[in-house]
Amino acid sequence: AQSVTQLDSQVPVFEEAPVELRCNYSSSVSVYLFWYVQYPNQGLQLLLKYLSGSTLVKGINGFEAEFNKSQTSFHLRKPSVHISDTAEYFCAVSFLTSYGKLTFGQGTILTVHP
Amino acid sequence: GAVVSQHPSWVICKSGTSVKIECRSLDFQATTMFWYRQFPKQSLMLMATSNEGSKATYEQGVEKDKFLINHASLTLSTLTVTSAHPEDSSFYICSAPQAAGSGGTDTQYFGPGTRLTVL
């Protein structure tokens with residue numbers, strides 16, 4: 001069975017500081033990995049995804065994530081955050097090419113302070 | 001990008017009544033849609049896969065008679081919470097994959113969610 005663990009439920013950070021949101025997964029088969037962002041009262045928006053190839057994936061809004069197979073991790077990073085990055089971030093995995101059946105982590109609330 | 005809408009965005013109902021939630025893909029066709037449930041401060045959990053023209057596939061532990069799913073067209077899936085009770089109060093989110101076409105990969109688009117409160 002697949003599972004996803006986001007190690008931090010809340011991450012406070014000051015504006016322009018770097019941030020890392022951690023995600024670990026467990027699966028007996030190969031997976032596809034995703035990071036989504038959810039702003040208040042809005043749906044989920046895809047930040048980036050790892051399907052294959054380069055383990056460093058770049059997404060929208062300056063975010064990037066690195067797939068580490070040996071550590072079964074897919075941590076999300078941004079070198080300098082903005083106030084507008086305040087939102088909830090979800091890590092998700094799927095082993096189906098259609099990405100339909102996503103297993104989500106618990107979510108990490110990123111709060112950027114001025 | 002593609003847009004998936006949900007209606008209503010929020011609903012309050014009395015215990016024992018039924019509530020219908022619509023999920024629409026606005027500018028693409030989706031033979032499959034997915035319904036998720038999100039409890040406060042918890043993650044999204046897949047409830048069922050909605051299949052156009054056939055029965056929905058429910059995840060283990062989800063009561064199919066409680067959560068009726070109908071995928072009547074390529075752009076519309078509905079979730080009906082029957083005889084709703086306070087424990088059914090939650091945030092319901094749908095998603096639809098848009099096929100990328102030959103050589104590409106699908107992209108999953110999520111609706112904005114529907115907050116259901118059962119009194």
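Chain naming here is simple, since letters A, B, ... match the order of the sequence lines and numbering starts at 1 in each. What you see is a predicted model; the values in this text were computed from it and never measured.
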- Message: Are there over 12 heavy-atom neighbours, none belonging to B:His85, within less than 6.0 Å of that residue's NE2?
- Response: yes
- Going hydrophobic residue to hydrophobic residue with side-chain gaps under 4.5 angstrom, can you get from A:Val11 over to A:Tyr39? yes
- Task: State, yes or no, whether a side-chain contact exists between B:Tyr109 and A:Gln45 at a heavy-atom distance under 4.5 Å.
- Result: no
- Query: How close do A:Tyr36 and B:Gln108 get, heavy atom to heavy atom, and via which atoms?
  - Reply: OH-CB, 3.7 Å
- When every non-hydrogen atom of B:Ser43 is compared with those of A:Phe104, the smallest separation belongs to OG-CB, 2.9 Å
- Task: Side chain from CB out, backbone as N, CA, C, O: work out which of these in B:Thr49 comes under 4.5 Å of a heavy atom of chain A, or both, or neither.
- Result: side chain
- Message: Could you see if A:Leu44 belongs to whatever hydrophobic cluster contains A:Leu48? Use Ile, Leu, Val, Met, Phe, Trp, Tyr and a side-chain cutoff under 4.5 Å.
- Response: no
- Side-chain heavy-atom pair A:Gln106, B:Leu44 within 4.5 angstrom cut-off: no
- Message: On a heavy-atom basis, which atom in B:Tyr36 and which in A:Leu102 lie closest, and how many Å separate them?
- Response: OH-N, 3.3 Å
- Query: Heavy-atom distance under 4.5 Å to chain B: side chain of A:Gln6, backbone, both or neither?
  - Reply: neither
- Query: Side-chain heavy atoms under 4.5 angstrom apart, residues restricted to Ile, Leu, Val, Met, Phe, Trp, Tyr: same cluster for B:Phe34 and B:Leu116?
  - Reply: no
- Query: In terms of heavy-atom proximity below 4.5 Å to chain A, should B:Gln6 be classed as side chain, backbone, both, or neither?
  - Reply: neither
- Message: Taking A:Leu7 as the starting point, is it possible to reach A:Val13 by hopping between hydrophobic residues whose side chains are less than 4.5 Å apart?
- Response: no
- Task: Could you tell me whether B:Lys66 atom NZ has more than 12 heavy atoms of other residues or ligands within 6.0 Å of it?
- Result: yes
